[in-house]
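Order of the sequence lines fixes the chain letters, A, B, ..., with proteins taken first and strands second; residue numbering starts at 1 for each chain. Keep in mind that the numbers below use all heavy atoms, side chains included, and drop hydrogens, waters and symmetry copies.
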2 protein chains.
Amino acid sequence: MIPDPFSYLPTDASRTIDIQKGDVLFRQNETTSGLYHVVSGCVTLQRSSELGNTLTLHRAVSGGYFAEASVFSMIYHCDAICTEAGSVVKIAKTDILSAMQSDPMFSERFTRLLAVQVQQYRSHIELLAILSAKERTLAAVQAGYYDSTVIELATRINLSHEACYRALRTLCNDGIMTKIGRGRYVLL
Amino acid sequence: MIPDPFSYLPTDASRTIDIQKGDVLFRQNETTSGLYHVVSGCVTLQRSSELGNTLTLHRAVSGGYFAEASVFSMIYHCDAICTEAGSVVKIAKTDILSAMQSDPMFSERFTRLLAVQVQQYRSHIELLAILSAKERTLAAVQAGYYDSTVIELATRINLSHEACYRALRTLCNDGIMTKIGRGRYVLL
DNA sequence: GGTATCATATGATCAAAATCATATTCGATT
DNA sequence: AATCGAATATGATTTTGATCATATGATACC
C-alpha cells in the first residue's frame, strides 16, 4: 500500500469540491492548476478524438488521484469528467512544488505515485496488445477492470461492447467465467 | 527540454557498461538494482507473453533513460534487451533514494522524468486506440515512432508488419508520404 | 402509470487486419 | 564467392471484430 503523500500538505491549501455526474473538472488544453484526490464518486480522464469517439485513459475512484502528471505540464492533456457523483479535493500545483522543495518524504511518496502509474500504463499497453477479444476481455477481468458496466469495460480495453458481450458469453461457455445475473459476470 | 536530473549524483556511484546487440541487462521478475542511462546504442524494454510474441514497452536511445519506475519496485516488470551496440550507465536505486532525500532539485527533476513518461504512455494508448491501420501508422510516423525498421514500427503499434507495409504504401499513394528508398518512407 | 433513457443481449453483415505464402534485396559471415 | 539471416514487399486467403439492426429489462423522471 502506498502511503498518502498529501497528508503532508497544509490542509488549508486544499478545498473540497462536490461533483455531479457529467461535471467537467477540466478540459484538454486548459492551463493546469493542480491535481485531484477523489474522496468519493468516480472521475474518468478521457480524450475525445475528432469524431466523438472517446477514449478512457484513467479512471479514479474513492481514495485515488488523478492528473498527477499535470504538476509538470502547462496544460491538461485530457478531459476530466465525473461519471459518478461524489467529491474531490483539489491540490494546487504550487503546493506540490513547494512541498517537494521542503519535504523529502513528500517527494518520495509523490514520485512513487507516478512510478505506480507508469507501471499501470505499461500493463494496460500490454493488455491492449492482446488481439483476441476473448483473451483480452479475460485478461481485463483478471486485472480487475470490470468494476462497472460491460460497456465501460469494453471502451477501456478498446473493444466494441458487442464484442465484449460475446467474449463474456464465450468465457462462460468455456467454463472460465459464470454469469450470476443480468450484466454480472464473475471468474470461476 | 528536461534538465538531466542525474548530473546531481556523485559520479563514482555510476559505472559504464558496454553493451552488444542481444545483451540482456535485466529480465522480468529479477530484483531491481537501479535505472539506466543510455550513452549510446539502443535498449528496448519488452515483455514476452506465453507464446513467444514480444511486446515493446519502451525504447531508449542515446541520452534517454529506462527503468526509472524500478526505483520504487522490488522487481523489474519487463526485459531490457540491447538492440543496438553502445554503452549505458547504471544508477543504483539507493543513490536515487538518497539523492531524493538530500536534494529537492534532484527530486523535482526525477519526478518530472516520470511525469513525462506518464504522458508518453497516455499518448501511446491513444495511438493504439486508432482502429485503421493506415491512420494508426500515420499517427505513429507523425509522432516520431518510425526511427528504425518498418517491422519495429509495426510491433510497437500492434500491427502485423504486412499491414504496416501496406499502410505505408497507401499513404504514399495518397500523397501523404513518399518512399525515398528501400524501407525508407518520409512524410510530405 | 407512462415515457424516456440506458445497459444488456444477440443476430446478421461487412470491412479490414491477421495469417500464410512467396520473392527479392541487402548485409554479414564463412 | 557462397551462404545465411533479416528486412522489405506484395498477393491470396481466412478470421474476426466493427458495425448495423433490433429486442428486452431496468431505472429514473414527470
Side-chain angles (χ1 to χ4, degrees), chain A residues 20-22 42 44 49 51-56 81 83-85 127-141 146-174 177-186, chain B residues 20-22 42 44 49 51-56 81 83-85 127-141 146-174 177-186:
Chain A
Q20 299 302 318
K21 187 171 174 179
C42 178
T44 60
S49 59
L51 261 157
N53 38 0
T54 56
L55 172 68
T56 303
I81 295 174
T83 54
E84 217 175 285
L127 185 73
L128 296 181
I130 301 172
L131 287 181
S132 152
K134 177 179 145 189
E135 300 294 328
R136 197 193 304 170
T137 302
L138 176 59
V141 172
Y146 180 37
D147 55 1
S148 167
T149 69
V150 175
I151 291 181
E152 192 270 337
L153 169 68
T155 54
R156 269 169 91 180
I157 63 175
N158 289 357
L159 277 183
S160 67
H161 59 91
E162 294 96 329
C164 200
Y165 280 119
R166 278 184 250 271
L168 288 167
R169 184 173 39 156
T170 310
L171 288 165
C172 288
N173 291 342
D174 290 0
M177 297 187 69
T178 323
K179 187 172 181 172
I180 56 167
R182 184 183 164 77
R184 307 277 310 160
Y185 302 86
V186 288
Chain B
Q20 298 302 318
K21 187 172 174 178
C42 178
T44 60
S49 59
L51 261 157
N53 38 0
T54 56
L55 171 68
T56 304
I81 296 174
T83 54
E84 216 175 286
L127 185 74
L128 296 180
I130 301 172
L131 287 181
S132 152
K134 177 179 145 190
E135 301 294 328
R136 198 193 304 168
T137 303
L138 176 59
V141 172
Y146 181 38
D147 55 1
S148 167
T149 68
V150 176
I151 291 182
E152 192 269 339
L153 170 67
T155 54
R156 270 169 92 180
I157 62 174
N158 290 356
L159 277 183
S160 67
H161 59 91
E162 293 96 329
C164 200
Y165 279 118
R166 278 183 251 270
L168 287 167
R169 184 174 39 157
T170 311
L171 287 165
C172 288
N173 291 342
D174 290 359
M177 296 186 69
T178 324
K179 187 172 181 172
I180 57 166
R182 183 182 163 80
R184 308 277 310 159
Y185 301 86
V186 288

Whole angstroms only, please: what is the [atom1]-[atom2] distance between [X] and [N]?
X	N	atom1	atom2	result
E84(B)	dA28(C)	CD	P	13 Å
K21(B)	dG27(C)	NZ	P	14 Å
I157(A)	dA18(D)	CD1	P	10 Å
R136(B)	dA18(C)	CZ	C1'	12 Å
I151(B)	dC26(C)	CD1	P	16 Å
N158(A)	dA17(C)	CG	P	14 Å

Shorter than 3.5 Å, N or O on both sides, protein versus nucleotides 21-25 of chain C: list them out with atom names.
{"residue": "dT25(C)", "atom": "O2", "partner": "R182(B)", "partner atom": "NH2", "Å": "3.0"}

Is [X] near enough to [N] that one of its side-chain N or O atoms lies under 4.0 angstrom from OP1 or OP2?
X	N	value
R169(B)	dT10(D)	yes
Y165(B)	dT8(D)	yes
Y185(B)	dA9(D)	yes

Between dA9(C), dA12(D), dA18(D), which nucleotide gets closest to the side-chain atoms of K179(A)?
dA9(C)
Would you mind telling me which of dG11(D), dA17(C), dA18(D) lies closest to the side-chain atoms of A163(A)?
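The listed nucleotide nearest to A163(A)'s side chain is dA18(D).
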To the nearest 0.5 Å, how far apart are OG1 in T170(B) and CG in L138(B)?
11.5 Å
According to side chain to side chain donor-acceptor pair (under 3.5 Å), does anything in residues 132-141 of chain B pair up with another residue at least two apart or in another chain? List the pairs.
K134(B)-D174(B)
Once salt bridge (charged side-chain N to carboxylate O under 4.0 Å, His left out) is applied, what residue pairs with a partner in residues 151-168 of chain B remain, sequence neighbours excluded?
R59(B)-E152(B), D147(B)-R156(B), E152(B)-R156(B)
Name the nucleic acid region contacted by S160(B), choosing base, sugar-phosphate or nothing; use a 4.0 angstrom heavy-atom cut-off, strictly under.
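Since a base atom lies under 4.0 Å of S160(B), the category is base.
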When the nearest nucleotide of DNA chain C is assigned to L131(A) and to R184(A) on a heavy-atom basis, which residue is associated with the more 5' position?
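So the residue in question is R184(A).
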Spell out yes or no: do the side chain of R166(B) and the base of dG11(D) have one donor N/O and one acceptor N/O closer than 3.5 Å?
yes
Verdict with supporting geometry, R169(A) and Y165(A), side chain to side chain contact (heavy atoms under 4.5 Å, CB included):
CA-CA 6 Å; R169(A) 184 173 39 156; Y165(A) 280 119; over 6 Å; no
